[in-house]
J.: 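Before we start, here is the structure in question, set down as structure tokens.
Both counts, for ligands and for their atoms, begin at 1 and track the order of listing.
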Amino acid sequence: MESNVRVRFAPSPTGPLHIGGVRTALYNYLFAKKHQGTFVLRIEDTDQTRYVANAEKYIIDALNWCNIPFDEGPNKNEKFGPYKQSERKEIYKKYANKLIDTGRAYICFDTSEALDEHRKQHEAAGKTFIYNWHNREKGNLINSLVLTNEEVESRINAGENYVIRFKTPQDRILELKDEIRGEIRINTNTLDDKILFKGDGMPTYHLANIVDDHLMKISHVIRGEEWLPSMPLHVLLYEAFEWETPKFAHLPLLLKPVGKGKLSKRDGDKLGFPVFPLAYENLETREVSRGYKEDGYFADAFVNMLAFLGWNPGTEQELFTLENLIEEFDLKRVSKSGAKFSPEKVSWFQQQYMQTRNDEELTALYLPILKEKGVEKDKEFVKKVVSLIKERAVFVKDFWELSSYFFETPTNYEEKAVKKNWKEGTSELMTELVTIINTIEDFSSENTEKQVKEWISSKEIGFGKVMQPLRLSLVGKLAGPHLFDIIAMIGKKETITRIENATKNL
Ligand code: GLU
């Protein structure tokens with residue numbers, strides 16, 4: 001049965017979702033699923049100046065790729081819809097007016113030029129201008145607290161531009177509780193009277209966010225640390241509306257690999273890792289940013305890595321399926337301090353997940369790449385190749401580099417390795433080896449290994465003298481899985497051709 005736990009991910013569609021945003025979505029999802037609750041997606045697009053056309057689709061595609069779909073949101077179970085704030089415009093004005101009626105908000109006619117002037121004058125005197133209890137009723141600012149009702153009405157009727165501000169209560173110590181950070185005390189006299197409703201007929205983030213969280217019955221607000229400074233205002237708004245306040249949890253920032261400062265796209269560009277889940281094309285500049293998906297990461301490896309950026313299970317275990325994460329996730333184990341992003345750890349998770357993938361699945365991913373290379377081999381052969389190389393692979397896209405010699409006769413030989421291993425007498429040894437190989441009937445890995453090694457022993461020379469040139473002949477470099485597995489795979493005829501090629505060319 002569904003519980004009363006309802007959480008939301010509320011991104012603003014201003015561009016691609018940064019991995020910090022994906023982590024916020026993930027923690028919301030895990031928390032919801034752990035408590036049999038509901039995960040809501042709400043698009044916060046009240047700031048039309050920052051709206052980007054392809055961002056909403058990007059957000060939804062990213063959640064789907066991560067396998068953390070929302071239960072309610074745009075075009076899906078719209079129980080408390082619409083789930084896009086721009087489609088809820090009519091709702092907010094009513095609530096702003098309600099606060100005016102109860103004396104918790106007021107109308108301001110100050111022009112932006114006048115406010116700039118106040119700011120400048122304050123700066124000149126070494127002070128900061130804050131619109132709040134200090135000055136709102138002193139007569140320098142033009143608002144409904146100092147004007148008569150008639151004056152306010154006639155200004156509005158004359159079409160004068162106005163905003164609605166929250167009237168922050170004075171002389172109170174707020175005792176806030178954050179599920180991750182614990183108790184926070186704030187003196188309301190330090191807060192400014194934030195704008196709730198703008199001159200363009202749109203609510204600000206603060207008003208829309210609170211009204212929607214209330215109407216959508218959100219029980220827990222789990223969001224990034226950058227919203228912590230808004231918490232006092234939000235709690236005061238709930239109080240002003242006489243609504244029940246949800247619980248709050250502010251997640252730690254994602255930090256640069258060096259540990260200081262917020263992780264940015266620039267860090268990713270510099271160090272060569274994506275900061276977005278999916279590749280993204282900026283519609284204006286046409287610049288394309290890399291994404292984890294397109295770079296070849298498995299979604300579950302990416303999600304596992306993200307889960308650990310700010311949370312840990314309290315044990316040594318690091319590999320968790322989504323189901324395990326749901327079971328183990330607990331806000332109490334989310335850290336207060338910033339989470340350092342580590343590109344090495346991302347690769348580590350990816351490599352671990354590569355090893356857990358079965359050969360069948362990896363073969364299905366490799367076959368189209370082989371087809372592109374013009375290689376036609378039967379599936380069972382490819383599957384065997386995959387089983388031999390996957391422990392060295394981080395991505396499926398590495399497979400070709402790691403296995404091309406299973407499909408193509410090498411034409412280049414790694415120079416350094418040749419110098420070191422192809423000595424005087426090597427060609428003669430290799431020619432003799434061909435005659436030995438020719439006599440082997442059972443060409444299994446075990447048998448060729450036995451026969452070749454017996455021959456080497458009988459010659460009383462070191463194994464390396466034969467094995468290294470043999471590997472160079474077959475692979476072109478000193479890399480790859482067990483040599484006799486390769487021999488068994490490519491077969492007798494091809495093994496001999498390759499040894500003869502090398503003997504001719506080196
Ligand atoms: N729209 C805000 C954002 O872009 C939402 C913040 C919140 O979750 O309250 O992150």
J.: Any cation-pi pair here, R104 with F166, using under 6.0 Å and within 45°?
T.: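 Verdict for F166: no cation-pi partner in R104.
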
J.: Identify whether the distance between the nearest side-chain nitrogen and carboxylate oxygen of R8 and D71 falls below 4.0 Å.
T.: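 No, this pair does not count.
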
J.: For the residue pair W65 and F298, is the inter-centroid distance of their aromatic rings smaller than 6.0 Å?
T.: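 Judged by ring-centre distance (under 6.0 Å), W65 and F298 do not meet the cut-off.
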
J.: Mind checking ring pair (Phe, Tyr, Trp, His ring centres under 6.0 Å) for Y27 and listing every partner two or more places apart, or none if nothing turns up?
T.: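 Testing Y27 for ring pair (Phe, Tyr, Trp, His ring centres under 6.0 Å), a comparison that skips the adjacent residues, returns F329.
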
J.: Are side-chain heavy atoms of W400 and V375 found at a separation under 4.5 Å?
T.: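 Yes. Closest side-chain heavy atoms under 4.5 Å.
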
J.: I'd like to know if E244 and K217 make a salt bridge, using a cut-off of under 4.0 Å between side-chain N and carboxylate O.
T.: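 No.
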
J.: Quick check on ligand 1: any N or O pairs to the protein under 3.5 Å? One line per pair.
T.:
from	atom 1	to	atom 2	distance (Å)
ligand 1	1 (N)	A10	O	2.8
ligand 1	1 (N)	S12	OG	3.0
ligand 1	1 (N)	E44	OE1	2.6
ligand 1	4 (O)	S12	N	3.3
ligand 1	4 (O)	S12	OG	3.1
ligand 1	8 (O)	R8	NH1	2.7
ligand 1	8 (O)	R8	NH2	3.4
ligand 1	9 (O)	R8	NH2	2.9
ligand 1	9 (O)	Y205	OH	2.8
ligand 1	9 (O)	N209	ND2	3.1
ligand 1	9 (O)	R223	NH1	2.9
ligand 1	10 (O)	W227	NE1	3.3

